[in-house]
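Only one structure is covered here, and it is reproduced in the block below.
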Amino acid sequence: MCTSIAMFSESGCCGRNLDLEVSFGEQVVIAPRTYPFHFHELEDLNDHHALIGMANVASGQPLYAEAMNEHGLYMAGLNFPGNACYDRPDDRARYHAAPYELIPWILGSCRNVTEAKALLSSFAPLARPFSLTADGSRTLPLAELHWHICDGSRALVLETTVDGVCLYEDPIGVLTNNPPFPFHQMNLQQYLGLSSANPKCRFAENAGLRPFGEGMGALGMPGDASPASRYVKAAFHKLNSPLEKEETAQVIQCFHILDAVQMVKGSVITAQGRPDRTIYSCCITPCSMTYYYKTYENPQLHAVTMHPEDRIGDRLQCFPLQTTPNILRIH
Ligand SMILES: C[C@H](CCC(=O)NCCS(=O)(=O)O)[C@H]1CC[C@H]2[C@@H]3[C@H](O)C[C@@H]4C[C@H](O)CC[C@]4(C)[C@H]3C[C@H](O)[C@]12C
């Protein structure tokens, strides 16, 4: 499972948990402006916005799970099994892109959510897997995903289902997994009563009922790892979160929200009998263009900055994850 959040503000940041049983060969990858992105049906992007994110590099090409571009536009793919549908051709659509092409295409071309929405309004998905060989004899599986697209002030959710391409405004700034996004928006309305404040008894004023501990205003908030529950918990924490002015404080706050919905090894066993876990959490900041991450094995924060000079050129820069535990021993 995965959870993605967007903290809306000029100095805000975006982040996600990537929950999976195995690593997918991920590393932090910078694609500079003239790194060529080739697509099945879209025009090549030979000069585009630079991006930084987590990717598997296959046959020399970065396949991003999430990334941010140099203008602070962020996009993340999250599992959407059974609902993602890519084989609904649409003759009216101007742009056709495979799922793995969406992040480089949108982040390479757009500066903000408004521009992304304009492109995606004439988009239809292509059910084409990534090919590991020139003749297409070996391919990666088509990942069944939906996407969170965010900038400092606004977020969208993109889903391609049997109903076609659905582009939703996301005023909450949170995305998890199944079911489709309208369910999560409706489900959240069942939790109107949750509050970060010390609660008052609303049904029997004279009965002398009082809270006996902190946090009782949010009693009833779901705490399990299912997508709908993570959505509610992440939304509650995010919407109650103060916006910090200073980047480090903001990043640490973002990681705390992600921690609240992280998956602890052993607590979720997949249908295949394997333990699911948050293999990494990340937070990307538009101000300093820094990709912060921690992994399940090494919860120390690491940072990779895309400096102005890193945006120029045509070569990928790859930064393997630091997964060895690093404990600061003080005695
Ligand atoms: C498995 C990841 C999503 C994690 C998630 O949402 N889990 C939720 C589980 S559940 O629904 O709640 O059960 C997704 C997110 C991005 C995906 C990757 C990116 O799409 C990039 C490529 C795309 C290729 O087609 C497949 C490999 C791949 C490298 C993908 C592997 C995998 O499907 C990733 C890593």
Side-chain angles (χ1 to χ4, degrees), residues 2 4 14 16 18 24-78 80 84 86 93-132 139-151 156-160 165 167 282 284 286 289 291 304 306 310-319:
C2 291
S4 169
C14 297
R16 68 102 51 93
L18 196 134
F24 64 94
E26 65 276 14
Q27 51 186 330
V28 180
V29 180
I30 294 177
R33 291 177 191 149
T34 50
Y35 170 82
F37 283 121
H38 303 292
F39 304 102
H40 291 289
E41 304 221 347
L42 299 166
E43 275 182 30
D44 288 354
L45 281 181
N46 293 313
D47 197 357
H48 51 79
H49 308 312
L51 30 151
I52 181 166
M54 194 69 94
N56 171 297
V57 179
S59 308
Q61 293 189 50
L63 305 176
Y64 284 104
E66 78 286 323
M68 184 179 273
N69 73 13
E70 56 184 304
H71 300 286
L73 183 65
Y74 157 93
M75 187 161 175
L78 290 88
F80 194 40
Y86 303 128
R94 206 167 140 204
Y95 308 109
H96 293 86
Y100 73 87
E101 296 176 333
L102 277 172
I103 291 183
W105 173 49
I106 293 297
L107 297 191
S109 318
C110 306
R111 263 173 296 209
N112 51 39
V113 166
T114 307
E115 290 184 12
K117 191 169 184 177
L119 277 195
L120 289 166
S121 306
S122 332
F123 151 80
L126 265 187
R128 299 278 284 272
F130 179 81
S131 184
L132 293 163
T139 59
L140 290 177
L142 264 183
E144 295 183 276
L145 304 174
H146 58 175
W147 290 268
H148 207 200
I149 306 167
C150 317
D151 60 23
L156 295 177
V157 171
L158 168 67
E159 299 188 331
T160 65
V165 176
L167 207 46
C282 69
I284 325 179
M289 276 321 310
Y291 187 103
V304 179
M306 180 165 73
D310 298 322
R311 303 171 196 187
I312 296 157
D314 58 4
R315 293 234 170 140
L316 296 180
Q317 282 197 68
C318 301
F319 302 88

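In what follows, residues are counted from 1 in the order of the sequence shown. Note: hydrogens, waters and symmetry copies are ignored here, and every other heavy atom, side chains too, is used. The structure displayed is predicted, hence computed values, not measured ones.
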Can you list, pair by pair, the side-chain donor-acceptor contacts under 3.5 Å of residues 120-132, counting residues two or more places apart and other chains?
residue, atom, partner, partner atom, Å
Ser121, OG, Lys117, O, 2.5
Arg128, NH2, His40, ND1, 3.2
Ser131, OG, Thr133, O, 2.7

- request: Show the numbers, then the answer: is there a side chain to side chain contact (heavy atoms under 4.5 Å, CB included) between Cys282 and Arg16?
  value: CA-CA 6 Å; Cys282 69; Arg16 68 102 51 93; 3.7 Å; yes
query: When you look at Gln61 and Leu316, which way does the side chain to side chain contact (heavy atoms under 4.5 Å, CB included) test go after all the steps?
result: CA-CA 9 Å; Gln61 293 189 50; Leu316 296 180; over 6 Å; no
message: One pair to check against side chain to side chain contact (heavy atoms under 4.5 Å, CB included): Leu78 and His146. What are the steps and the verdict?
response: CA-CA 6 Å; Leu78 290 88; His146 58 175; 3.9 Å; yes
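Going from atom CZ of Arg311 over to atom OG1 of Thr34 covers 14.0 Å, rounded to the nearest 0.5 Å. Here CD1 of Ile284 is found 5.5 Å from CD of Glu66. Values are rounded to the nearest 0.5 Å. If you take CE on Met68 and SG on Cys14, they are separated by 4.5 Å, rounding to the nearest 0.5 Å. Here the NE2 atom belonging to His148 is positioned 5.0 Å from the OG atom belonging to Ser4, to the nearest 0.5 angstrom. Taken to the nearest 0.5 Å, the CG atom of Leu63 stands 10.0 Å off from the CD1 atom of Ile103. To the nearest 0.5 Å, atoms CG (Asp151) and OG1 (Thr114) are separated by 6.5 Å.
When the shell of 6.0 Å around CD of Glu41 is examined, it contains more than 12 heavy atoms from other residues, nucleotides or ligands.
Ion pairing between Arg33 and Glu70 holds under the 4.0 Å rule for side-chain N and carboxylate O.
Considering only heavy atoms from C-beta on, Trp105 stays 4.5 Å or farther from Phe37 through its side chain. Contact annotation: the side chain of Asn56 never approaches that of Glu26 to less than 4.5 Å [non-hydrogen atoms, C-beta and beyond]. Counting heavy atoms from C-beta outward, His49 and His71 have side chains that approach closer than 4.5 Å. Residues Tyr74 and Pro286 are not in side-chain contact: their nearest non-hydrogen atoms beyond the backbone lie 4.5 Å or more apart. Between Val28 and Met54, some side-chain heavy-atom pair lies under the 4.5 Å cut-off. Proximity of Leu73 to Ile106: side-chain heavy atoms (C-beta onward) are separated by under 4.5 Å at one or more points. Residues Tyr291 and Phe319 have side chains not in contact (no heavy-atom distance under 4.5 Å, counting atoms from C-beta outward). Contact check for Ile149 versus Val157: no side-chain heavy atoms found under the 4.5 Å cut-off.
In terms of modelled atom types and a separation under 3.5 Å, the side chain of Asn69 and the main chain of Leu51 share no donor-acceptor contact. In this structure a side-chain-to-backbone donor-acceptor pair under 3.5 Å is present from Glu101 to Ala98. No side-chain donor-acceptor contact under 3.5 Å links Asp314 to the backbone of Tyr35.
Of all non-hydrogen atoms in Glu115 and Arg111, the two that sit nearest each other are OE1-N, 2.8 Å. Between Ala65 and Leu18 the shortest heavy-atom distance is CB-CD1, 3.9 Å. Looking at every heavy atom in both residues, Pro104 comes nearest to Leu45 through O-CD1, 3.7 Å. Minimum interatomic distance between Val57 and Cys318 (heavy atoms only, all atoms of both residues): CG2-SG, 4.1 Å.
Aromatic pair Phe80/Trp147: centroids not less than 6.0 angstrom apart.
Under the ring-ring contact (aromatic ring centres under 6.0 Å, His included) criterion, no residue pair touches residues 51-70, with sequence neighbours excluded.
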